[in-house]
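First the structure, in the form of structure tokens, and then the observations on it.
Chain naming here is simple, since letters A, B, ... match the order of the sequence lines and numbering starts at 1 in each.
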2 protein chains.
Amino acid sequence: MPRPRSDDKRNRILDAATRVIVTQGLSAPTMGIAKEAGIANGSLFTYFETKSELFNQLYLELKQEMASVAMKDFPTEADLQDQFFHIWRNWGTWALHSPEKRKALAQLTVSDEITSETRIAGHRLMSAIGELLERVRSAGPMRKVPMSFVITLMNSVADATMDQMIQDPKHAKNHCKNGVEALWRMLA
Amino acid sequence: MPRPRSDDKRNRILDAATRVIVTQGLSAPTMGIAKEAGIANGSLFTYFETKSELFNQLYLELKQEMASVAMKDFPTEADLQDQFFHIWRNWGTWALHSPEKRKALAQLTVSDEITSETRIAGHRLMSAIGELLERVRSAGPMRKVPMSFVITLMNSVADATMDQMIQDPKHAKNHCKNGVEALWRMLA
DNA sequence: TGTACATGACTGTCCAGACAGATTACTAAA
DNA sequence: TTTAGTAATCTGTCTGGACAGTCATGTACA
């Protein structure tokens, strides 16, 4: 057997990319990412064929994390509103603890390096939340509004909320509550 | 007097930039913008010192247009909700007629080429709408929520609405109504 | 006729990705 | 346990292309 590729190194590259993207944006040289990860820039390309590939993988990784964080300790038996508040709190906590990951994800989301296949795969990761949202939508004032619109709305309110929490962490809990209540008024 | 700089040419550059940004993103070569505007690439730099400068100017120009479109035929005497619906309809119409400008503006907004001074100047252009929004906020369930948060929320709902309208123009009017009603439930 | 704009070839810089040689993890025969 | 063999990764230098901005020359307006 030949020399194996290390998962650890792959993760170090993804982590490094996250950090570098936050400070330098998506135009950051691969060289910088490699250096930050503690490897030669050439090695980066054995783990990710192209820079674009790296960004797409990172997008999925971050989206994945965001989805699984949201569902942590999910209260299966609680009522719909409590379930929603739960997810919201999880997101808030995550945003406060990993502001870099969130920033990087935001940059990747608006980038056109991310292919539509990657985006679709990303959506699939969020399907559990989508189903929950669907149950809220179909019973409220937005029952005749396309689901895609409702998803977009939820995402933007969530984003705005997390921004506010990060910008003014002292009242984070309050902002979190304000955000989810605003969403709830909108769709329930 | 020497040969004068032409305002027309300046506008042609800004228009060209809008179009090129939509199809190629902000990394579009200045060469392409110049060609699209029908001038030599060198000339672009007599009108805008740097590429960054061009983008900042374009951002302001678009923001300006968006603000003035919003206030067109403003019903000074109507009640608050009607005034808001009016603005919303104007935005919708604009989005349908100038989808390119909207896309370009969206790209510029998230770019870090746009300085904070430019952003502040951009906000000033929207102050009329801000004051209106303030009157709604201070009388509703969000009266204890920071204005900055409310502005962000309005912007995201507006964005989501316009996206939906462009994506499915047949039911644009409906989507427009759905959007503003969602906003209204949220803050009034 | 002077002054500023217009032009497009040109330059210096930057960077993604290739490459050639060094290194490593692992296997299997001795 | 040692050793030789193998196939992959790792490294850092190198290259080819792209691109923002310059500049020398030409041109048009007052």
Where the side chain of B/R135 meets the backbone of B/L132, is there a donor-acceptor pair that is under 3.5 Å apart?
no
Rounded distance (Å) that lies between atom C1' of C/dG8 and atom CG of B/L44
14 Å
Could you check A/T161, A/D163, A/D168 and say which one makes a side-chain hydrogen bond (donor to acceptor under 3.5 Å, both in side chains) with A/H175?
A/D168
Hydrophobic cluster partners of A/V110 (side-chain heavy atoms under 4.5 Å):
B/V110
Between B/N56 and B/T118, is there a donor-acceptor pair closer than 3.5 Å when you use the side chain of the first and the backbone of the second?
no
Tell me: NZ of B/K35 to P of C/dT7, nearest whole Å?
14 Å
Under 4.0 Å protein heavy-atom contact, by nucleotide of nucleotides 16-24 of chain D - B base, S sugar-phosphate only
---SSBB--
Short side-chain N/O contact to D/dT11 OP1/OP2 from A/S43, under 4.0 Å
yes
Using whole Å, what does the distance between atom P of nucleotide C/dA16 and atom CD of A/Q24 come to?
11 Å
For C/dA6, does OP1 or OP2 lie under 4.0 Å from any side-chain N or O of B/Y47?
yes
For B/R5 and C/dA6, give me the distance from atom CZ to atom P, rounded to whole Å.
8 Å
Does anything in residues 25-51 of chain A pair up under ring-ring contact (aromatic ring centres under 6.0 Å, His included), and if so which pairs, sequence neighbours excluded?
none
Taking only the side-chain nitrogens and oxygens of B/T46, find out if one of them lies under 4.0 Å from OP1 or OP2 of C/dA6.
yes
Side-chain N or O of A/K9 versus OP1/OP2 of D/dT9: is the shortest distance under 4.0 Å?
no
A/F55 atom CZ is separated from C/dG17 atom C1', nearest whole Å, by 14 Å
Assess whether a salt bridge exists between A/E134 and A/R137, defined as any Lys/Arg side-chain N lying under 4.0 Å from an Asp/Glu carboxylate O.
yes
Between A/D8 (CG) and C/dT24 (P), how many Å, whole number?
17 Å
Euclidean distance, atom CZ of residue B/R12 to atom C1' of C/dC5 [Å, nearest integer]:
14 Å
Calculate the interatomic distance between A/I33 atom CD1 and C/dA16 atom P; express it in whole Å.
8 Å
Check the side chains of A/Q57 and A/E53 for a donor-acceptor pair under 3.5 angstrom, ignoring hydrogens and angles.
yes
